[in-house]
Amino acid sequence: QVQLVESGGGLVQPGGSLRLSCAASARTFVGAMGWFRQAPGKEEREFVAFIMLNGGDTDYAPSGKGRFTISRDDAKNTLYLQMNSLNPGVTTVYYCAATRQYIYLTSERAYAYWGQGTQVTVSS
């Protein structure tokens with residue numbers, strides 16, 4: 001059973017930066033890992049970014065392009081999301097996810113494995 005554990009969330013001021021981490025209990029995936037977020041009252045999780053585990057190709061939601069960077073450290077089985085120039089808003093929960101698929105990676109339905117989430121609040 002693979003487990004994903006996020007960390008690094010918290011309170012940050014508008015315009016600030018935050019780095020989220022996701023530790024995987026094992027590197028058994030051959031597809032991709034991604035970050036999603038969910039605002040209060042929203043049923044679906046919104047795509048943020050993904051990274052292919054072979055080749056390292058990445059993709060980002062338009063809201064994060066130029067501000068967010070997804071990366072991974074294979075030696076540590078850890079996924080990261082560096083977020084810069086954060087915009088103020090409601091508290092959002094960021095989730096790490098993993099899949100063996102290679103397609104539909106911007107959809108939460110493609111991911112079989114999920115972490116518990118870490119809260120991010122951007123506020124002054």
Side-chain angles (χ1 to χ4, degrees):
Q1 182 74 16
V2 176
Q3 292 184 327
L4 303 175
V5 180
E6 302 96 334
S7 62
L11 174 65
V12 61
Q13 292 191 340
S17 298
L18 209 58
R19 188 176 83 156
L20 306 181
S21 300
C22 172
S25 60
R27 191 183 187 282
T28 61
F29 307 105
V30 295
M33 294 186 73
W35 289 97
F36 286 75
R37 64 188 180 189
Q38 189 173 31
K42 297 286 188 179
E43 289 190 3
E44 293 195 351
R45 285 173 278 209
E46 176 190 16
F47 167 71
V48 176
F50 73 72
I51 184 167
M52 302 293 289
L53 298 185
N54 288 332
D57 288 346
T58 59
D59 194 18
Y60 298 88
S63 59
K65 283 184 178 178
R67 299 188 301 123
F68 294 179
T69 303
I70 188 171
S71 62
R72 70 186 196 273
D73 184 333
D74 292 341
K76 296 181 179 180
N77 290 335
T78 301
L79 179 73
Y80 301 101
L81 182 68
Q82 177 68 42
M83 303 187 292
N84 299 326
S85 303
L86 286 165
N87 298 318
V90 298
T91 296
T92 303
V93 179
Y94 281 74
Y95 294 92
C96 167
T99 179
R100 292 183 172 85
Q101 291 186 200
Y102 295 93
I103 59 175
Y104 307 124
L105 296 177
T106 60
S107 171
E108 63 173 331
R109 294 175 183 82
Y111 296 82
Y113 303 94
W114 291 87
Q116 293 301 306
T118 184
Q119 283 193 343
V120 174
T121 303
V122 184
S123 175
S124 56

(request) Could you tell me which non-hydrogen atom of Met33 sits nearest to which non-hydrogen atom of Ile70, and how far apart they are? (result) O-CD1, 4.0 Å
(request) Measure the CG-CZ distance between Leu18 and Phe68 for me, rounded to the nearest 0.5 Å. (result) 9.5 Å
(request) Measure from the side-chain N and O atoms of Tyr111 to the backbone N and O of Leu105, and report whether any donor-acceptor pair falls under 3.5 Å. (result) yes
(request) Quick one: pull up OG1 in Thr69 and CE in Met83 and give me the separation to the nearest 0.5 Å. (result) 11.0 Å
(message) Looking at every heavy atom in both Ser124 and Pro14, which two are closest together, and how far apart are they?
(response) N-CD, 3.6 Å
(request) Tell me, please, which residues at least two apart from Asp73 pass side-chain contact (heavy atoms from CB on, under 4.5 Å). (result) Ala75, Lys76, Tyr80
(message) Ser85: which residues meet the side-chain contact (heavy atoms from CB on, under 4.5 Å) condition with it, sequence neighbours left out?
(response) Arg67
(request) For residues Leu81 and Ala49, report the shortest heavy-atom separation together with the two atoms involved. (result) CD1-CB, 4.4 Å
If you look only at distance, which donor and acceptor atoms sit under 3.5 Å apart when one is on a side chain in residues 5-13 and the other is two or more places apart or in another chain?
residue, atom, partner, partner atom, Å
Glu6, OE1, Gln116, N, 3.0
Glu6, OE1, Gly117, N, 2.8
Glu6, OE2, Cys96, N, 2.8
Glu6, OE2, Gly117, N, 3.2

(message) Let me confirm one number: the OG1-CE distance from Thr58 to Met52, rounded to the nearest 0.5 Å.
(response) 10.5 Å
(message) How close do Leu4 and Cys22 get, counting heavy atoms only, and between which atoms?
(response) CB-SG, 3.9 Å
(message) What I'd like to find out is whether the side chain of Leu53 reaches to under 4.5 Å of the side chain of Tyr102, using heavy atoms alone.
(response) no
(request) Could you tell me which residues satisfy ring-ring contact (aromatic ring centres under 6.0 Å, His included) with Phe47, sequence neighbours excluded, listed by chain and number? (result) Phe36, Phe50
(request) Quick one: closest heavy-atom pair of Ala39 and Thr92, and the distance? (result) N-CG2, 4.2 Å
(request) Using the disulfide (SG to SG under 2.5 Å) rule, collect all pairs that involve residues 37-71, keeping only residues at least two apart or in two chains. (result) none
(request) Quick one: which residue pairs count as a side chain to side chain donor-acceptor pair (under 3.5 Å) with a foot in residues 31-49, not counting sequence neighbours? (result) Arg37-Glu46, Arg37-Ser63, Arg37-Tyr94, Glu44-Arg109, Arg45-Glu108
(request) Quick one: closest heavy-atom pair of Thr99 and Ala110, and the distance? (result) OG1-O, 2.6 Å
